[in-house]
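Quick notes on the structure that follows.
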Amino acid sequence: VVTYNSVINGFCLEGNIRAAQNTFNDMLDKGLVPDMVTYSTLIYVYCKEGNIQEAYSLLDELAGKGLVADVITYSALIQGLCKERRLKNACKLFHKMLQMGLKPDQFTYTTLINGHCREGNIKKAFKLHNEMVKNGLSPDVVTYSVLIHGLCKQVRTKEANRLLFRMIYDDLIPDKVTYDKLIENCIDDNMESNVALIKGLCMKGEMIEAEKVFEIMREKNWTPNDIVYNVLIHGYCKNDNICKAYNMYNEMEELGLVPNIGAIIVLIKSLNNEGMTKESDEMLQRVMKGCLTPAAAAQTAMIEQNNEEGNMQEVIKILAEMVDDGLLPN
RNA sequence: GUUGGGAGCGA
């Protein structure tokens, strides 16, 4: 039976329902008794095709054979109904499964939540979300994605954003799909919040994620500004990827953007810590030339650093250069 | 027995 199930599923994945159905008939001919997996597979694929009728008749058939539909079967059917915009029927089926003592799981809830979102009924969607939490089921990445997308479609961008933050706070790392949805809807009105998102991820040490968001923003032809770069430089330094931070800095300069003093300081310190003194010297030169020294903060940092290392000659040199540049040490 | 169910965009 397992072998047949695998083959049936294979055909279903190809969308070849005919072959799947033939294989099913084959197994009956051979006197094999299909189990719940067999039926769920077929019900799912019929639902996907929009053939709810056939799905329902399979549901009857399995009941006639003494099999009892489980959560997976019902979830598949609920999804099918939602797809056909028969949300009322989907809800009815949901209640029926409750009555039968079946416990809906994350999949069931997410499917139904998505159904409500599709109809623009965010209120109902959140009600279900709360219900699932009350039942001890924690919403996962997909659940959040569905809700975020639902909000975005209603142009409730702020709430979508807040939810995304909550998701990160819950230690769920959103995947590319979620970002796409959110960013797609933020592109003209709210780039700052995406930068805030990157910052949040940097603070959590999720640099790969932060980079993903950055990439997506660039794919959307958004020209990065100095603020994101500063955030990313900070992030990479804090998470010990100094090379990346240094690359960001160079990229930034190429774009003619001006790094802020905070980013410069961390980067110089980090480069020194990593023993990348050539790079840090070079950077310092550039910074000193570029009159980016409002409060001589970079020089102060360099002096501190060199002083700690007992490199007094360098300290003196920096002080002398400051004076040459018209900056008086306080 | 690596056998079944949930999200976006694109076409």
Side-chain angles (χ1 to χ4, degrees), chain A residues 1-15 17 20-21 23-24 26-27 32-49 52 55 58-59 62 67-84 87 90 93-94 97 102-119 122 125-126 128-129 131-132 137-154 157 160 163-164 167 172-187 212-213 215-217 219-221:
Chain A
V1 175
V2 171
T3 315
Y4 270 97
N5 287 346
S6 303
V7 173
I8 291 173
N9 188 41
F11 283 128
C12 290
L13 288 175
E14 289 188 331
I17 302 194
Q21 184 67 52
T23 312
F24 177 72
D26 235 44
M27 95 187 260
L32 289 169
V33 182
D35 62 6
M36 271 321 298
V37 175
T38 326
Y39 278 107
S40 291
T41 309
L42 286 170
I43 286 175
Y44 168 68
V45 79
Y46 277 118
C47 283
K48 213 168 67 173
E49 212 203 26
I52 308 288
L58 281 167
L59 189 67
L62 71 88
L67 290 169
V68 182
D70 62 12
V71 196
I72 296 183
T73 324
Y74 276 102
S75 300
L77 272 163
I78 289 172
Q79 190 205 14
L81 290 165
C82 289
K83 265 214 179 86
E84 296 294 304
L87 190 55
L93 200 62
F94 182 73
M97 86 180 259
L102 288 172
K103 286 221 178 311
D105 62 10
Q106 282 176 321
F107 281 49
T108 327
Y109 273 111
T110 304
T111 306
L112 205 52
I113 288 173
N114 192 32
H116 285 293
C117 286
R118 266 193 191 151
E119 305 292 327
I122 307 287
F126 273 99
L128 278 167
H129 166 267
E131 189 184 310
M132 91 184 262
L137 297 168
S138 27
D140 64 7
V141 182
V142 180
T143 319
Y144 274 113
S145 293
V146 166
L147 286 166
I148 288 170
H149 185 230
L151 286 166
C152 284
K153 272 208 301 218
Q154 306 290 316
T157 313
L163 203 57
L164 190 70
M167 175 170 162
L172 292 171
I173 301 309
D175 47 19
K176 195 170 180 298
V177 173
T178 319
Y179 292 135
D180 275 351
K181 277 187 268 199
L182 187 71
I183 290 168
E184 178 198 329
N185 292 283
C186 296
I187 187 116
K212 258 195 223 161
V213 182
E215 276 312 309
I216 289 171
M217 289 168 79
E219 278 167 23
K220 305 259 176 203
N221 278 331

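Side chains are part of it too, since the values below use all heavy atoms of this structure and drop only hydrogens, waters and symmetry mates.
The only member of A:Thr108, A:Leu77, A:Thr73 that meets side-chain contact (heavy atoms from CB on, under 4.5 Å) when paired with A:Met97 is A:Thr108. The residue from A:Leu147, A:Ile113, A:Leu151 that alone fulfils the side-chain contact (heavy atoms from CB on, under 4.5 Å) condition with A:Ile122 is A:Leu151.
Side chain to side chain, A:Asn9 and A:Ser6 fail the donor-acceptor criterion of an N or O pair below 3.5 Å. In the model, A:Asn5 has a side-chain atom that pairs as donor or acceptor with a side-chain atom of A:Thr38 under 3.5 Å.
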Contact letters for nucleotides 5-11 of chain B, in which S counts primed atoms plus P, OP1 and OP2 and B counts the base, heavy atoms under 4.0 Å: BBBBS--

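When rounded to the nearest whole Å, the span between OH of A:Tyr46 and P of B:rG4 equals 19 Å. As rounded to whole Å, 18 Å separates atom P of B:rG4 from atom CG of A:Leu77.
Taking the six-membered ring for Trp and the full ring otherwise, A:Tyr109 and A:Phe94 have centroids separated by under 6.0 Å.
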